[in-house]
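To start, I am sharing the structure in question, which I have written as structure tokens.
Below, chains carry the letters A, B, ... as their sequence lines are ordered, and counting in each starts from 1.
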Protein chains: 2
Amino acid sequence: MCCEAQFLQRLRERGLRLTPQREMVLRALHEVDSHATAEEIYARVSVQSAAVDLSTVYRTVELLQDLRLLSTIELADGQRAYELIGVHGPHHHLQCRRCGGLSRIEPEAVRPLIETLRLRYGFAAEPDHLVIAGLCQACREGEEREAQSAA
Amino acid sequence: MCCEAQFLQRLRERGLRLTPQREMVLRALHEVDSHATAEEIYARVSVQSAAVDLSTVYRTVELLQDLRLLSTIELADGQRAYELIGVHGPHHHLQCRRCGGLSRIEPEAVRPLIETLRLRYGFAAEPDHLVIAGLCQACREGEEREAQSAA
DNA sequence: GCTGCAAATGCAACTGTTTGCCGCTGCGTA
DNA sequence: TACGCAGCGGCAAACAGTTGCATTTGCAGC
């Protein structure tokens, strides 16, 4: 668990504490391969200890985000999902508005944009986690076929 | 009201109707200069007719979004705000994580990124409305001053 | 090992948003 | 003009996420 030490360090820097609840939430986030909703995290934590509240999960998730260890994704159905940044490294997502699928992209793809924003608007973009909407290849081809058969 | 005709047209294309409630919501969105929360829209609509429900505001806003006439912005405090695309034309926002301020940027700034995504990932990005987090110029200078005085 | 204090938690109430249900309305068809 | 049907809106209930408050707990200093 690479980020527990980092978590502890950043907590200490701010005079905050490492509690069992926070450890459990962090562990649960590690266990899921990709992103997890609050409810999923809560379910996993509840197995280990029944005495953890859902609000604590939300508070911990918010804290992890403040510490830049976690990013939030808005899923297609409006739910929010959370993902540790350390596990897959910093990255962004493409979200298909048709199938709802998420795919990762390298931060390099966004770097030129960040540079443009800095030069043109004096804005220091720190998009921890950009989610860009659009159509994935499969769905785009699907839409083209539909358009053709409709015509 | 440029977009009412457009609204009507797109509704007709889908076999949907232009109702007084929908007209009122559209008018309310026009009246506010920039973005408005659901509650603000509801307040404006309520002046004209007490018999409009908040859920109708939400449903109309969602409909407008489906028709690509409106975009949603997540404000700093977590509230959602809505903005007609037609009024200011398509654009994106920079959001300062310190002061919460929003500023508009031209779609041109994002175009190279869209091209990259298409070439590299086969993804047809249609970011109606990207919100990019970071530090605005004023706040960045403020942070630098703070860092200096702290050192 | 104890103590004090701020941070953290659980609980319950609350806010903002979405959904299901059902009666109403506009419109095409007979 | 009457009928049927799909879209629509109001209402209330459900849901996800947040907040206030009293209690508990981690941890630095002794």
### Query
Are any side-chain N or O atoms of B:His91 and backbone N or O atoms of B:Gly89, one a donor and one an acceptor, separated by less than 3.5 Å?
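It does hold such a pair.
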### Query
Which whole-number value in Å describes the distance from A:Gln79 CD to C:dT17 P?
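Spelled out: CD on A:Gln79 to P on C:dT17 is 16 Å.
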### Query
How many Å lie between OH on B:Tyr42 and P on C:dT17, as a whole number?
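Distance check: B:Tyr42 OH to C:dT17 P gives 14 Å.
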### Query
Counting side-chain heavy atoms from CB outward, which of C:dT17, D:dG17, C:dA8 is closest to A:Arg17?
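Taking heavy atoms from C-beta onward, the closest nucleotide is C:dA8.
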## Note on the structure
Closest to the 5' end of DNA chain C, once B:Glu62 and A:Leu18 are matched to their nearest nucleotides, is A:Leu18
### Query
With sugar-phosphate meaning primed atoms plus P, OP1 and OP2, does A:Arg12 contact a base, only sugar-phosphate, or nothing at under 4.0 Å between heavy atoms?
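Sugar-phosphate only.
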### Message
Let's see if you can work this out: which of C:dT17, D:dG7, C:dG10 has an atom nearest to the side-chain heavy atoms of A:Asp53?
### Response
C:dG10
### Query
With a non-hydrogen cut-off below 4.0 angstrom, is B:Arg22 in contact with a base, only sugar-phosphate, or nothing?
sugar-phosphate
### Task
Whole angstrom is fine here: how far is it from CG in A:Asp66 over to P in C:dA8?
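From A:Asp66 CG to C:dA8 P: 12 Å.
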### Query
Do any side-chain nitrogens or oxygens of A:Thr56 fall under 4.0 Å of OP1 or OP2 in C:dG10?
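Yes, such a contact exists.
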### Task
Would you mind reading off the distance between A:Leu11 atom CG and C:dA7 atom P, rounded to a whole angstrom?
13 Å
### Heavy-atom donor-acceptor pair, A:His93 side chain to A:Val131 backbone, under 3.5 Å
no
### Query
To the nearest angstrom, how far is B:Arg14 atom CZ from C:dG26 atom P?
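About 23 Å, once rounded to whole Å.
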### Task
Using only side-chain N and O atoms of A:Arg80, determine if any of them is under 4.0 Å from OP1 or OP2 of D:dC15.
no
### Query
Counting just side-chain N and O atoms, does B:Gln21 come under 4.0 Å of either OP1 or OP2 of D:dG10?
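For D:dG10, OP1/OP2 do have a side-chain N/O of B:Gln21 under 4.0 Å.
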### Query
Has A:Ser55 got a side-chain N or O lying under 4.0 Å from the OP1 or OP2 atom of C:dC11?
no
### Task
Send over the distance from A:Leu63 CG to D:dG17 C1', rounded to a whole Å.
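That distance rounds to 17 Å.
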### Task
By nearest nucleotide on DNA chain D, pick out whichever of B:Thr60 and A:Tyr82 is the more 5' one.
B:Thr60
### Query
Can any side-chain N or O of A:Arg10 pair as donor or acceptor with the backbone N or O of A:Leu67 at less than 3.5 Å?
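Side chain of A:Arg10 to backbone of A:Leu67: a pair is present.
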### Message
Checking contacts here: which listed nucleotide (D:dT19, D:dG9, D:dT25) is nearest the side-chain heavy atoms of B:Arg59?
### Response
D:dG9
### Message
Any side-chain N or O of A:Tyr58 below 4.0 angstrom from OP1/OP2 of D:dT18?
### Response
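No, outside the criterion.
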### Whole angstrom value for the distance that separates P of C:dA8 from CG of A:Leu64
12 Å
### Task
Classify the nucleic acid contact of A:Leu54 as base, sugar-phosphate or nothing, counting any heavy atom under 4.0 Å across all strands shown.
nothing
### Message
I'd like to know if the side chain of B:Gln48 reaches the main chain of B:Val45, judged simply by a donor and an acceptor atom lying under 3.5 Å from each other, with no hydrogens or angles considered.
### Response
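No; judged by distance alone, with no hydrogens or angles, the pair does not exist.
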### Query
Rounded to the nearest Å, what distance is computed from the CE atom of residue A:Met24 to the C1' atom of nucleotide C:dA8?
13 Å
### Task
Please check if the side chain of A:Glu141 supplies one atom and the backbone of A:Ala138 the other of a donor-acceptor pair under 3.5 Å.
no
### Query
Is a salt bridge present between A:Glu126 and A:Arg68, judged by a nitrogen-to-oxygen distance below 4.0 Å?
yes
